Amino acid sequence: MARAVTLVPDPNESVCPPQLALTCWLRYVYDLPRTHCRIGAPGEPTLRALRDPSPPIPQILDRETYLLAQAGWTPPLKSATGR
């Protein structure tokens, strides 16, 4: 990430340099993983090979339960009748 920040010193500056055509810039950005990171280059791993084989499963939480947990409170217990 630090290397990426050094490539664009001013975050408010446009990313595509004005002296390059957009197609040339996009080709350059597309080739960055191959040239700098060696991803997908011959003899190197592809993005599919680098993918996490067992990514964490996202949890779906009720909004009120999440907000109560963030505040340090426990959610109220539900009664047996569902009320």
Side-chain angles (χ1 to χ4, degrees):
M1 183 57 120
R3 172 114 171 94
V5 171
T6 60
L7 292 175
V8 181
D10 183 12
N12 295 325
E13 186 179 316
S14 66
V15 177
C16 180
Q19 66 271 19
L20 284 177
L22 182 60
T23 55
C24 294
W25 176 249
L26 291 175
R27 188 178 309 117
Y28 171 73
V29 171
Y30 178 77
D31 288 338
L32 277 176
R34 293 188 175 147
T35 57
H36 291 288
C37 305
R38 306 288 303 156
I39 296 172
E44 299 292 334
T46 61
L47 285 176
R48 183 179 296 257
L50 294 173
R51 187 178 62 194
D52 187 3
S54 58
I57 298 171
Q59 292 181 346
I60 299 174
L61 299 175
D62 183 46
R63 182 177 185 270
E64 287 77 19
T65 305
Y66 172 77
L67 292 174
L68 286 172
Q70 290 296 323
W73 294 34
T74 57
L77 296 174
K78 293 183 179 180
S79 66
T81 60
R83 295 182 189 193

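If you're wondering where the values come from, they're calculated on a predicted model, not measured in any experiment. All residue numbers refer to positions in the sequence shown, counting from 1.
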Distance-only donor-acceptor pairs under 3.5 Å for side chains of residues 39-53, two or more places apart:
residue	atom	partner	partner atom	Å
T46	OG1	A49	N	3.3
D52	OD1	S54	N	3.3

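Atom-to-atom distance recorded for Q70:CD and T65:OG1 is 12.0 Å, nearest 0.5 angstrom. One distance of note links CG of L32 with CZ of R27; it measures 13.0 Å at 0.5 Å rounding. For the atom pair CH2 (W73) and CD (E64), the distance works out to 14.0 Å, reported to the nearest 0.5 Å.
Within the hydrophobic cluster formed by Ile, Leu, Val, Met, Phe, Trp and Tyr side chains joined at under 4.5 Å, directly or through other members, Y66 is accompanied by L61, L67. Cluster partners of Y30, using a side-chain heavy-atom cutoff of under 4.5 Å among ILVMFWY residues and allowing indirect links: none.
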